Structures are given as C-alpha cells and as structure tokens.
There are 2 protein chains.
Amino acid sequence: MQAHSVNPDDPRVRRTRQLLQDAMMELMRKKSLQSITVQDIARRAAVNRVTFYAHFEDKYDLMDSIVRTGVHAAFTNSAPLEGVPLEDGLRLLCRTVFAFLSEVQDSCEGGHKQFDPLFETAVQQELYAFVLRWLDNLPAAKANTQSVATVISWTIFGAGTDWSRSRESSPKTTVEMAVDEIVNVLLSGLRSLVADKDALAAPAEK
Amino acid sequence: MQAHSVNPDDPRVRRTRQLLQDAMMELMRKKSLQSITVQDIARRAAVNRVTFYAHFEDKYDLMDSIVRTGVHAAFTNSAPLEGVPLEDGLRLLCRTVFAFLSEVQDSCEGGHKQFDPLFETAVQQELYAFVLRWLDNLPAAKANTQSVATVISWTIFGAGTDWSRSRESSPKTTVEMAVDEIVNVLLSGLRSLVADKDALAAPAEK
DNA sequence: TCGCTTGTGTCGCGTAGGCGACAGGTCAGC
DNA sequence: GCTGACCTGTCGCCTACGCGACACAAGCGA
C-alpha cells in the first residue's frame, strides 16, 4: 500500500489514474462490479496490474474515486452557487444531484444497486462537503452549519435515490415536481430547526 | 538523437507516441504545420517536451509517422487483398487511396499542400511497400515485381492527388469514374510492360 | 545597437511505470 | 481428497518519463 507515496501533480500519475477510471467506467456498462477483476481493468487501460495497486487499494477504492470525482465535477461545472439565495441554491443542487444519479443509473448496468453502500457514502460525503462550503460562504453565515449541511445533504441524496429508483417502474413524476417538493420540505423543516432566522433569508445585507 | 533506443513494445512508448500523434492531428485541424511548435504539441499531449525528442526528430518526423501509420491502417483495415484478382485489387487500392487522400484533405486545414514533399514520399513509399508485398504473394508471382510496384504505386498516388485537388474546384468527376479510368490505364499499360503475360491473369492455377 | 522574448535541442537526476516472479487464495472438475 | 486454472497482492530490477537547467538562435521593439 504505497498508494499515497505518489505525487498527484505528476502528469504520468494523472494519466494513469484517468486511464484506470475510464477503463472501469467502460466495464461497468456491461458487467457487474462483482464480476470485474483488477486484471480486466489493467488490461483495458493498457496499464500494468502492479501499477494499479500503486494508486488504488482495490476495485472498490477505484470505484469510490470515480464517484467522488464525478460528483465534484458535476457541482463545480453546473452549480456555481456564489451569492445565490438559499432557495435557488437548493433547487440547483437538487437538479444537479438528480441528474447525476440518473446518469449513473443509465450508464452502470443495473443501476447502482450493486454497490450501494460504497456509492451512498461517497456521494453523500461529497455532497455534504460541498453544501458545508457553500453555507459557510453565505453572507448570513451562522454557527450550526454542520448540522444543517447534514440535513440538507442526506435529504437531497435520499430523495434523489428514491426518485431515480422509482423512475424505472413509474416514470410519471417529473424532475421538477420532485425537486419542488424536496425544496419546500427542506425550507419549512429548516425554518423550525434553525435558531437564527436570518440564515434563511436571501443575502439581504450584502 | 536517442529516438531509436526506446522499446516500441513498451506500453508507455505506445501511449506517448499515440498522445503526440493525436495532439498533432488536432492541431493540424486549425493551424498550419509551419506555425505549430514542438511546445504546442507537447503541451496539448500532456507530455514533456524533452520526451518528444526521445521519439521524433522534429515535428516533420512526427508528421511523417502519422501519415505512414494512417496509410498502413487504411490498407490493412479496408483492403484485404488475399487471393484477389489483379483488376479487383487495383480497384480496391484506388478507392482506399482516394478515400485516404480526401480524408486528409478535409481534416488538415488547407489540405496537404503545405507539407507536400514530406507527404508525397511517405504515402507513395508506404503504398509501394504494400503493393510489392501484394504482388509477391500473388500465385502468379514473377520477377520484376519491384518495377511494376513502382509504376502502380506512383500512378495511383499521383492520380489520387490530382483528383483530390480538383475535387475542390470542380467536384463533378465522381470517385468511381476516376478510379475506372486509372485502373483501365494501368491494366493496358501493364500489358505492354510486362513480359510474362500470366502475371495479369487472375489466379487461375490455384 | 542592445536587450527581451520565444522556440530549439540536450544534459543529469529523481520518480513513475513495466515486467518477471513469487506466495497465497479461491473454485471447478477429475 | 487433489489437481489445474485463475485472481490477488507484493517484491526487485530496469526502462521511460518529468523536470530544472543550460547554450544557442531567430525575431522584435526600445
């Protein structure tokens, strides 16, 4: 396990990790995570099997890094939340998470049911970190941002997972309907949770 | 110049050469070969500039390898000439060369006029080598295959270049018309050139 | 004219990757 | 049981690559 002795800024390291991630994503389109071997990944990536272990613990570690990278990219690309009011920000976050989840569902051969435990923690933790950074940078920043971020991240992630699962059986609920409901619930829930009422207002005193 | 001290079978070598070739082809779509620098190529390929010189003399050498690789791939992919009669083989060769030339013309910002000397020798030499292998493997193999291969390769390449140039100004002559004409000229020319008449026949005594 | 900038080609050193080989571990079928 | 086939995780050695640095050359404005 010398996975952390490599320099992440080295172009060779970026290349190798990208190759392994790409190979894994291609394999996930037609095989289950369970049936994919490290040898498969290394062969498809044209990377030596030993090199794999220099970067990742095992295939689950690689999968974890892919999910986190994907979530991170989805947020930083499509959701610039600088100076956005709480309600609009929540709506944007919801749409991004929902889109990400359904994209994974579509490109992963049987959805993400197979690696749920891994998937849940990775997505939720990244979502939590992002929400927390956002809350702390809001003009009306307050004390208990960590608890609020926990509520928001788990609620959005959970609702998104439910929605993307139900999407297969009864695709009648549109994205906007689901998003509206979640945002409303979150806002009313937050009103009773948060002591400082200013936290919910738009950045009025900017 | 340690360009030949590297092992071509090493996966790292394959990767690096591919990255440099891809970067060069992307750059050729919007810039002239003259205005492309080695630094441009290395930067876009995410490869160190020093590494470039471990594989190629300069950008012209890289361009040369790209052309040769492309010609080789075009032949081996779309023209399996095993046991094909001479006339049909010539027709197939013509179509392949014509397609290759117009593809280059379209994807190279101003056609290949800018690097003609390099381009001509590379394409013609690869074409020559391919034709020679083909002729030597024909059942009715004969002595002067080298001269015949010279005639065939130069004729096809020259005609293809003329056609792809005229294609811009007056695109009335179709591929099939041009190919038919060249094949007919070649066949009649070969009849008077070749001593052994059997060489022109289909592989009858198989 | 003198700098200043930008590209070229090369060197030495440190690091990442390829590769053969090894000892387990699992599972199929004889 | 016991093979044989396949996967995993690790080691040591060698090669390819990244990088800072250098000298040199061509263009270009002060």
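Quick note on labels: first sequence line is chain A, next is B, and so on, each numbered from 1. In what follows, every heavy atom counts, from backbone to side chain, and hydrogens, waters and symmetry copies are set aside. Please read these numbers as outputs of a predicted model, since none were measured by experiment.
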Evaluate whether atom CD of Glu181(B) has more than 12 neighbouring non-hydrogen atoms of other residues, nucleotides or ligands under 6.0 angstrom away. no
Of Val50(B) and Asp10(B), the one whose closest nucleotide on DNA chain D sits nearer the 5' end is Asp10(B)
Rounded to whole Å, please give me the gap between CZ in Arg43(B) and C1' in dT8(C). 14 Å
Would you call Tyr53(B) and Asp61(B) a side-chain contact if the rule is heavy atoms closer than 4.5 Å? no
OP1, OP2 of dC17(D) versus side-chain N and O of Asn48(B): anything below 4.0 Å? no
Ranking dA21(C), dA16(C), dA16(D) by distance to the side chain of Val13(B), first place goes to dA16(D)
Atom-to-atom span, NZ of Lys59(A) to P of dT8(D) - whole angstrom: 7 Å
Distance in angstrom units between Asp58(B) CG and dA25(D) P, rounded: 18 Å
Between atom CD in Glu57(A) and atom C1' in dT10(D), what is the gap in whole Å? 13 Å
At under 4.0 Å between heavy atoms, what does Ala42(B) touch on the DNA or RNA strands: base, sugar-phosphate, or nothing? nothing
Could you check if a side-chain atom of Val131(B) sits within less than 4.5 angstrom of a side-chain atom of Phe75(B), using non-hydrogen atoms only? no
Would you mind telling me which of dA16(C), dG18(C), dT10(C) lies closest to the side-chain atoms of Tyr53(B)? dT10(C)
Mind calculating the distance between CG (Asp9(A)) and P (dC19(D)) to the nearest angstrom? 9 Å
So which one's nearest nucleotide on DNA chain C is more toward 5', Ile36(B) or Arg12(B)? Ile36(B)
Gap between atoms CZ and P, on Phe56(A) and dG9(D) respectively (whole Å): 14 Å
Residues Ser35(A) and Ser32(A): side-chain donor-acceptor under 3.5 angstrom: yes
Does His55(B) make a side-chain N or O approach to OP1 or OP2 of dC17(D) shorter than 4.0 Å? yes
Phosphate contact (dC17(D) OP1 or OP2) by Thr16(B) side-chain N/O below 4.0 Å: yes
Please report, rounded to the nearest Å, how far the P atom of dA16(D) is from the CD atom of Gln18(B). 18 Å
May I have the distance from Asn7(B) (atom CG) to dG20(C) (atom P), rounded to whole angstrom? 11 Å
Comparing nearest nucleotides in DNA chain D, the 5'-proximal residue of the pair Arg15(A), Gln39(A) is Gln39(A)
Side chain of Thr37(A): nearest nucleotide among dC7(D), dT10(D), dA16(C)? dC7(D)
Classify the side-chain pair Thr37(A)/Asp40(A) by whether it contains a donor and acceptor separated by less than 3.5 Å. yes
